Participant: 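Pasting a structure below so you can have a look.
Chain A is the first sequence line, chain B the second, and so forth, proteins listed ahead of strands; every chain is numbered from 1. Values in this document were obtained by computation on a predicted structure and should not be read as measured data.
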Number of protein chains: 2
Amino acid sequence: MGNDMAEAEPTAKRRVTIREVAERAGVSMATVSRVLSGNHPVPASTRARVLRASRDLDYVANAHARALVGGGRKMVAVVLRQVTSPFYAQVAEGVEAEAASRGWLCLVGTTGGDPQRELEFVQLMREEGARLVILVGGVVEDDAYRERVAHYAQALDSAGARLVLCGRPAPDPDIPALVVEFDNEAGAHAITGHLLSAGHRGIVFLGGLPGNTALDARVAGYRAALAEHGLPPEAAHVVDCGLGRAAGHRAMTQLLKETPDFTAVFAGDDMVAAGALRAIAEAGLRVPDDISVVGYNDIPLAEDFNPPLTTVRTPAEELGRAAVRIALRDPEHAAGAHHLLGTHIVVRDSVQPPPQAPRDAAPDRPH
Amino acid sequence: MGNDMAEAEPTAKRRVTIREVAERAGVSMATVSRVLSGNHPVPASTRARVLRASRDLDYVANAHARALVGGGRKMVAVVLRQVTSPFYAQVAEGVEAEAASRGWLCLVGTTGGDPQRELEFVQLMREEGARLVILVGGVVEDDAYRERVAHYAQALDSAGARLVLCGRPAPDPDIPALVVEFDNEAGAHAITGHLLSAGHRGIVFLGGLPGNTALDARVAGYRAALAEHGLPPEAAHVVDCGLGRAAGHRAMTQLLKETPDFTAVFAGDDMVAAGALRAIAEAGLRVPDDISVVGYNDIPLAEDFNPPLTTVRTPAEELGRAAVRIALRDPEHAAGAHHLLGTHIVVRDSVQPPPQAPRDAAPDRPH
DNA sequence: GTGAAAGCGCTAACAA
DNA sequence: TTGTTAGCGCTTTCAC
């Protein structure tokens with residue numbers, strides 16, 4: 001059916017352009033552009049011919065040429081440490097969903113936690129003309145960070161783009177960046193309270209990462225809750241092992257060997273909790289009978305841990321959605337704004353009152 | 001230091017162009033282009049001045065303009081159902097890593113399993129000039145699918161781009177597409193054999209998805225293993241509940257109520273296994289004492305299930321890396337090629353010989 | 001070594 | 001209603 005294209009010389013790896021469509025339809029390029037954009041009145045008959053030609057040739061517009069003259073495609077970029085982290089993946093999904101629902105293209109980049117790659121990616125997004133750049137995840141807030149972010153913000157802003165900091169602080173309230181994050185301190189406070197209410201007094205925080213804003217806030221919430229229950233500052237025991245399943249496993253193994261005087265663990269996030277749970281099981285101890293464990297984030301599989309994990313639910317997808325929604329809703333007003341999203345505890349089976357008798361420091365592992 | 005920029009008129013939301021850099025450096029645009037591209041000899045003194053100006057102005061090239069005249073940025077696009085699936089996320093991470101290591105930009109798009117969105121995304125990638133498009137994940141192979149993919153392949157190819165099918169079949173070996181996938185049948189065969197060797201004879205496959213190529217292959221491997229052990233075809237019991245944790249939970253709950261005559265479950269993937277494990281626990285039964293369970297994919301958290309899951313390891317990240325490596329390695333030769341990646345069993349604690357006495361159909365749930 | 005000029009594919013005035 | 005024209009920001013001959 002009408003594929004006289006076969007006669008045409010082999011278009012050796014060249015995209016078909018608007019000019020070819022115009023020729024085939026017997027109209028000018030401008031007319032083709034008009035029917036394709038659909039923002040200009042064109043009689044149905046011409047319109048049909050153009051559409052027909054475009055379809056026959058399987059024409060797709062060159063987005064770059066279009067971007068050059070028009071404003072460019074509406075594009076949002078999310079930058080994460082890694083997509084394989086369940087929490088980050090959910091945030092990305094939220095951004096993607098909200099962006100897609102508005103007809104925006106979403107690009108996700110990963111840095112592996114390397115500031116250099118982050119910088120390169122932001123640079124890339126500037127080149128590509130992203131209108132919205134969302135940086136996700138806690139960071140250590142040092143001078144280098146502050147300088148970097150100030151630069152991003154200024155550069156993006158002067159190009160008419162917007163910067164959103166998701167779960168990380170703005171170095172300065174005057175900077176043209178929007179921050180959206182969870183109330184880490186409140187969440188940590190609440191879950192620590194949950195442990196305290198169950199009767200625990202020896203609670204260790206596993207997964208500190210000094211300088212990291214998200215973790216520092218959780219530690220602060222933890223300390224505050226301890227203090228409120230009348231415990232002395234020394235009651236706080238923070239293990240700075242960082243995040244990740246492996247770190248949690250390693251630190252917990254060590255802790256069990258060296259420090260017998262605790263009955264509960266507050267893991268910095270659910271992945272740390274997973275590692276801790278595993279280490280406890282390997283040591284022949286049971287959760288929650290011997291030790292109670294709580295996590296943070298409520299990743300989708302937290303319910304499948306052994307035992308199902310009591311944790312703090314941080315609606316990650318909503319965080320992503322909120323980031324783009326707020327940034328797009330009120331562009332001018334958004335700059336410099338700070339939005340705190342709430343969290344709540346999800347009670348499952350990993351917490352119980354502490355056992356009566358203290359356990360041995362390093363019990364024999366059943367074989 | 002040297003920020004006489006402050007004197008310049010406010011560049012009201014306009015990106016700085018190469019012309020401004022040229023003016024500031026007192027050279028022509030061509031010269032700026034040359035030093036920035038670095039592919040043309042330029043005296044060190046001029047070079048320094050240009051670099052200086054470029055830095056002062058915080059210039060970044062307009063990628064669209066560049067793409068228009070040059071070949072455009074090397075960009076690979078991965079298309080997945082969703083990033084929050086641990087398996088897909090790992091594949092994406094592999095693609096991203098391999099692409100980044102070669103200086104390619106990686107864009108990930110999600111479809112939610114909707115062919116329409118898939119089509120739109122591929123179209124978008126054509127517009128953006130992606131040089132490599134990777135479609136990931138099994139599909140139901142119907143006529144619509146075959147037609148769609150044939151179209152993608154032809155369109156991409158005629159624009160000089162490449163199409164990779166990851167874990168899904170090429171509708172026709174002559175099509176200019178590369179397929180890279182795991183040997184699902186072999187993996188399923190092996191793990192079914194593992195269950196059979198443990199003494200199980202009543203093994204149900206949970207998570208069939210008729211028409212889906214990946215699942216069909218696993219079912220085929222399952223049936224083949226059964227047959228090899230001398231079991232009649234009726235011994236196969238496939239529950240077509242589809243994938244996902246929720247589906248697995250629902251189907252398993254139902255199965256426990258209605259069908260008491262099985263001792264092991266082969267879940268279509270680890271998420272289904274998670275749901276099944278949960279359902280079994282809710283029914284007051286124990287794994288592996290009462291029922292053995294195996295999964296598929298070995299997602300990172302499979303080890304943290306209750307009990308740790310015996311499953312088939314499909315190196316997802318390697319799948320992603322292989323896809324780009326193969327596609328980029330031997331462009332001409334790659335078209336039409338079919339690469340099968342191997343898998344292996346990971347033995348953990350969810351399999352044990354079947355119990356002696358048959359269990360009740362629907363034991364009382366402990367409350 | 002460096003500048004002038006052409007043109008990538010497209011859209012948006014401006015004419016007709 | 002439709003065509004002609006002038007760029008968008010950049011790279012790349014081709015002269016000088």
Participant: Any Lys/Arg nitrogen of A:R66 or B:E128 sitting under 4.0 Å from an Asp/Glu carboxylate oxygen of the other?
Facilitator: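 Here A:R66 does not pair with B:E128 in a salt bridge, since their nearest N and O are not under 4.0 Å apart.
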Participant: Could you check whether B:D58 pairs with A:R126 (Lys NZ or Arg NE/NH1/NH2 to Asp/Glu carboxylate O, under 4.0 Å)?
Facilitator: yes
Participant: Tell me yes or no: between the side chains of B:E118 and B:Y152, is some donor less than 3.5 Å from an acceptor?
Facilitator: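 Yes, because at least one side-chain N or O of B:E118 sits under 3.5 Å from a partner of the opposite role on B:Y152.
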Participant: Is B:R66 near enough to D:dG9 that one of its side-chain N or O atoms lies under 4.0 angstrom from OP1 or OP2?
Facilitator: no
Participant: Starting at the 5' end of DNA chain C, which residue's closest nucleotide do you reach first, B:T46 or A:V32?
Facilitator: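 The 5'-side residue here is B:T46.
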Participant: Between D:dG3 and A:T31, is there an OP1 or OP2 to side-chain N/O distance shorter than 4.0 Å?
Facilitator: yes
Participant: Using a cut-off of less than 4.0 Å, is there contact between a side-chain N or O of B:S33 and OP1 or OP2 of D:dT12?
Facilitator: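 For D:dT12, OP1/OP2 do not have a side-chain N/O of B:S33 under 4.0 Å.
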Participant: To the nearest Å, how far apart are B:E23 CD and C:dG3 C1'?
Facilitator: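 So the CD-C1' distance, B:E23 to C:dG3, works out to 14 Å.
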Participant: Which nucleotide sits closest to the side chain of A:L68: C:dG9, D:dT12, C:dC10?
Facilitator: C:dG9
Participant: To the nearest Å, how far apart are B:R34 CZ and C:dG3 P?
Facilitator: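 Rounding to the nearest Å, CZ of B:R34 and P of C:dG3 are 8 Å apart.
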Participant: Whole angstrom is fine here: how far is it from CD1 in B:I18 over to C1' in D:dC8?
Facilitator: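 Going from CD1 in B:I18 over to C1' in D:dC8 covers 14 Å.
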Participant: Would you mind reading off the distance between B:R19 atom CZ and D:dG7 atom P, rounded to a whole angstrom?
Facilitator: 11 Å
Participant: Without decimals, in angstroms, what is the distance between B:R126 CZ and C:dG9 P?
Facilitator: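 Checked: the CZ to P distance equals 15 Å.
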Participant: Under 4.0 Å, counting only non-hydrogen atoms across every strand here, what does B:A67 touch: a base, just sugar-phosphate, or nothing?
Facilitator: nothing
Participant: Atom CG of A:N62 to atom P of C:dG7: distance rounded to whole Å?
Facilitator: 18 Å
Participant: Has the side chain of B:R47 got a donor or acceptor atom sitting under 3.5 Å from an opposite partner on the base of C:dG1?
Facilitator: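 Checked by distance alone, the answer is no.
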Participant: Under 4.0 Å between a side-chain nitrogen and a carboxylate oxygen: does that hold for A:R73 and B:E127?
Facilitator: yes
Participant: If you check the B:A30 side chain, which of D:dT11, C:dG3, D:dC10 turns out closest?
Facilitator: C:dG3
Participant: Measure from NE2 on A:H40 to C1' on D:dT4 and round the result to the nearest Å.
Facilitator: 14 Å
Participant: Considering only NZ, NE, NH1 and NH2 on the basic side and carboxylate oxygens on the acidic side, decide whether B:R24 and B:D56 come within less than 4.0 Å.
Facilitator: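 So B:R24 pairs with B:D56 through a salt bridge.
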Participant: For A:M29 and D:dG3, give me the distance from atom CE to atom C1', rounded to whole Å.
Facilitator: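 One finds 11 Å between C1' of D:dG3 and CE of A:M29, rounded.
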Participant: Does a nitrogen or oxygen in the side chain of B:R15 sit under 4.0 Å from OP1 or OP2 of D:dG9?
Facilitator: no
Participant: Side chain of A:S28 only, please: which of D:dT1, C:dT2, D:dG3 is the nearest?
Facilitator: D:dG3
